[in-house]
Amino acid sequence: MNSAVRYTIQAVQPAAHLFEVTLHLDAPDPAGQVFSLPAWIPGSYMIREFAKNIVSLTAQRGDTPLVVTRPDKHTWRLPAGVTGPVTLRYTVYAWDLSVRTAHLDQTHGFFNGTSVFLCAHGFENAAHQVDILPPVGLENAGWRVATSLPEAGAERYGFGRYQAESYDALIDHPVEMGTFSLAEFNACGVPHAVAITGRHDCDLTRLVDDLKPVCEAQIRLFGEPAPMDRYVFLVMAVGDGYGGLEHRASTALLCSRADLPHAGMEAPTEGYRQFLGLCSHEYFHTWNVKRIKPAAFVPYDLSRENYTRLLWAFEGFTSYYDDLMLVRTGRITRADYLTLLGKTISQVHKGSGRRKQSVAESSFEAWTKYYRQDENSPNAIVSYYTKGALVGLLLDLNLRTDSQGRTSLDDLMRALWQRHGQTGVGVAEDGLCALAAELGGAALGDWLREIVDGTGELPLEAWLKRVGVDLAWEAPSEAPGIGVRTTADGDALKIANVFDGGPAQGAGLSAGDVLVALDGLKVTSGNFDKLLARRMAGERVEIHVFRRDELMRFDVELRAAPADVAKLVLADDAPASVMALREGWLAG
Ligand SMILES: [Zn+2]
């Protein structure tokens, strides 16, 4: 392949967290070639301005330096009249331990293309080539390379030449380099790899035994063949961390090493269930959002926010399927699945924001609200992940019940895949509701519209009952409360959120206040709940707090904790027709 845009990338100063990148272009735009770095990374809907990490940049034609101007913060421009081959050389500071950016030290390097590869305007659809070079000073450290970028001369897991069919493809294959451990398996004939970086004692055999059936079940749900020829899980194990980002043939994951399976582990721990759920989630995105996309993302505009009201389907349905695929493949028990589903329901019901913002609005405002949460978020917003998952559940149960189990959300996902994923045609803003109407009748389309645009309570009890699951609401504790969420700050206890309409808000307490005393007794991070447990709802207490450095006093009336914790159980007395629907739902 004769590539129009050629890059090299090298960890030139790992200890200083610096990659050096060169970009070579044979035929720059004679009107003044423009280069830019994305302002955001697809999958994480927030303006991050990756250009801020470009430390220095020079350009030359042959040996002649060129003057580079900056039309805006994301953009670099060469002078007009430059016609021959040009080379840009720049350094990128990489010290953000997250799946969205880049990270480099003596132990490993990780980057997303959005953080390191400038886009040569006008050449977006041309072939791109990258030489990934060994780290300077660590040539004998035994580093390897894990990425789903297609090789163009490099050996698998080796340094060398890789390629991508376009800029969009180039930035959708993150790269890990270091001394990771590696496991490989096939799912429906497609080679898969798991590369784990960081100190860990993961039982790779167990992990593969659990991942393989989940991947196969998802490939079969959408239909063989799988859309990728290879898939890589890039896992970074740390002491405490959690995150994942989806890509077309890989995912970058951050997890706590304690959540990985260890030798001799029998039933999955809660942490491991969560990690498997994360893997399942990102893998499902291989179809849902990486190929089936909202029309607003076709193509992405990486210079600014891309608005869609559909993230409840792309993130929410993916969240619905992540744990569902674990129970369908027997990785977790049905009781575990109902516990996880109960948690999702409880999370949605914890905040009054669900009565103010719809999931469609939550999707649209992801850039400023979901991704930039503050102390008032529980009172102001609803998550398109958790509530979107419940919309997926309700739509699934509705389709199953009305068709006596002949149609389900699986059919809707397959229709999306065939019409949008396989064709590249984006989903219109009303596309999900229109498709629901097509599969289940016009009334179902209207019902879905009302749910995604509305802020009413979801009819969960009624629909779960129809598949033999009983939902009961419980209070989190018998102790009365003041309507706050607290966080420990050393030995001190700080108010993190004050819930709308609660006693604390009525009395004037605020997020950020440090609790000092309750009825004259010192409050610590360990004793507040115990002090409250000795009191009754309706009693008044005196609370002292520090707001900044000022001591303040409040009279607060205690209130019974609201019954907002959802408990789900399998009904054992349901009729056979209901049991059959439940079997179809949980067994797939
Ligand atoms: Zn997701």
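One-based numbering, in listed order, for ligands and for the atoms of each. Keep in mind it's a predicted model, so treat the numbers as computed, not measured. Only this structure's heavy atoms are used, side chains among them; waters, hydrogens and symmetry mates stay out.
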Hey, is the Zn ion (ligand 1) within less than 2.8 Å of some N/O/S atom on E246?
no

Under the side-chain hydrogen bond (donor to acceptor under 3.5 Å, both in side chains) rule, collect the residues that match up with T107, sequence neighbours excluded.
D105

Restricting to N, O or S atoms of E315, which is nearest to the Zn ion (ligand 1)?
OE1

By atom name, which N, O or S atom belonging to H281 lies closest to the Zn ion (ligand 1)?
NE2

Between atom CZ of F275 and atom SG of C255, what is the distance when rounded to the nearest 0.5 Å?
4.5 Å

In short, L221 meets M413 closest at the heavy-atom pair CD2-CB, 4.2 Å

If you define the side chain from C-beta out and look only at heavy atoms, does anything of L253 sit under 4.5 Å from C279?
yes

